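Working notes for the structure below.
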Protein chains: 2
Amino acid sequence: MQRDSSTEDRILASARKIFLDRGLEGARMQDIADDAGINKALLHYYFRNKEKLFDTIFVQVVDEFLPRIFAILNGDQPLFEKIKLFCSEYIGQIIQTPYVPMFIIQEVNRDPQRFIKKVMHGKHPPFQKIIAQINQEIKQGIIKPTNPVQLLLNIISLCIFPFLARPMIQTVTGMSNKDFFHLMEQRSEEVCSMIIYSIKA
Amino acid sequence: MQRDSSTEDRILASARKIFLDRGLEGARMQDIADDAGINKALLHYYFRNKEKLFDTIFVQVVDEFLPRIFAILNGDQPLFEKIKLFCSEYIGQIIQTPYVPMFIIQEVNRDPQRFIKKVMHGKHPPFQKIIAQINQEIKQGIIKPTNPVQLLLNIISLCIFPFLARPMIQTVTGMSNKDFFHLMEQRSEEVCSMIIYSIKA
DNA sequence: GTCTATAACTCGATAGAC
DNA sequence: GTCTATCGAGTTATAGAC
């Protein structure tokens, strides 16, 4: 709780924290109010209801996360450089905000329509360019013939999954938080070289 | 709803369906009762409360899912065969029950203690054998020097992640259910050959 | 075992004073 | 803008008849 910032900002910061931790259904307006140092009534004064408050946070979180993927994938670098960039930037980013991937996946699963309406609406399919690039580099003989969609799935899977399954991984292996994040820092390089090795001609 | 089976079995079948679809917090006892063709009071007669009913389903689902992983990983085949087995068996299995991975991940995230108490308690760490095998095959020169934990993470990530992110993937790419499952059927072979290619000496 | 009725409680939302 | 007090809907859980 930050007593010095404006009420609305404190609400947003607290809502983000609680929603990221527990999702829409798990979060309690009371807990958000407590964390922000105000009462429930004031939450409704600023954001008319729970849904609207959640929407604000959801869009905020998704809009600072997904564009990073697409920005790198749609850049102008050669494919190998993109992959390298993606792995290091992306895993680095998730290490800073490890709850974000699970939050997004969970909420898109619970209500895909919200995602379509609030986030995707009006945006064009963001994978066109990278798919074209993959096909072109195949034709040029830089990489082996590869299904572009599978390749993209591979990259994203390898980077994100461990953070989704983190509680289970740590439970099953007995890793501490420190162990886990250390493993993830190594992983960036690991994933990158594996992907590139698997596709280079 | 199966009118011919016993009440308890019908409750379990309905609870499984509803809990898998919506999780502990999203599921309503009323919906489970409706689906089973009985009333709420009878749910409490058979399973004292929602938690206990959920625990039963959770343990059931996890116990028929995780052991499949461990059985293959702890078998006696050479590593390459294990990986091949794992990819085909595992993706094939998930295609049959595509909601299971998300259900498990979500509920372990929400309450890791339940997982520890109800599932892991008393079981020994299940990755010892496969890790030893990986290290041995490295020493024998069959596979390249590799961090065993990263390798296992890679295999599991590649197989499971697409099913966790399925609603988002289908939204972003515009794939139909049929398209998606077709892609996943190809994927088994795809993942297998990629992994093996990346580690063979 | 199975039902109806309802108690007990949680939680989002609102009224109204300051 | 911010608070206290309270309403009312929705849910789990129980009492008690059959």
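All values derive from a computational prediction rather than experimental measurement. Numbered from 1 within each chain, the chains take letters A, B, ... in sequence-line order.
- A cation-pi geometry, defined here as NZ or CZ lying under 6.0 Å from the six-membered ring centre and within 45° of its normal, does not hold between A:Lys50 and A:Phe19.
- Summarising the geometry, the separation between CG on A:Leu42 and P on C:dG12 is reported as 16 Å, rounded to the nearest angstrom.
- C:dT10 atom C1' lies 16 Å from atom CE of B:Met29, rounded to whole Å.
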Apply salt bridge (charged side-chain N to carboxylate O under 4.0 Å, His left out) to B:Arg110 and B:Glu107, showing your working.
-> CA-CA 5 Å; B:Arg110 207 183 42 74; B:Glu107 296 302 329; 2.8 Å; yes

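- Looking at B:Lys17 and B:Asp34, no side-chain N of the basic residue comes within less than 4.0 Å of a carboxylate O on the acidic one, giving no salt bridge.
- The nearest whole Å value for the distance from the NE2 atom in B:His44 to the C1' atom in D:dT12 is 5 Å.
- Just one of A:Ile142, A:Val149, A:Leu151 meets the side-chain contact (heavy atoms from CB on, under 4.5 Å) condition when paired with A:Ile134; it is A:Leu151.
- Atom-to-atom, CG of A:Asn39 to P of C:dA17 comes out at 17 Å; the value is rounded to the nearest Å.
- In this entry the distance linking CG of A:Leu43 with P of D:dT4 reads 13 Å, nearest Å.
- Counting only heavy atoms from C-beta on, B:Arg28 has its side chain closest to D:dT11 among C:dA13, C:dT14, D:dT11.
- The interatomic distance linking A:Tyr45 (OH) with C:dC18 (P) rounds to 19 Å, in whole Å.
- Protein atom CZ of B:Phe47 is 16 Å distant from nucleotide atom P of D:dT12, rounded to whole Å.
- Annotation: of the two residues near DNA chain C, B:Lys40 and B:Thr7, the 5′-most nearest-nucleotide partner is B:Thr7.
- Using a 4.0 Å heavy-atom criterion, one finds that B:Ala27 contacts the sugar-phosphate atoms exclusively.
- Of the candidates C:dT2, D:dT14, C:dT14, the closest approach to any side-chain atom of B:Ala41 belongs to D:dT14.
- In this entry the distance linking CG of A:Asn49 with P of D:dG10 reads 15 Å, nearest Å.
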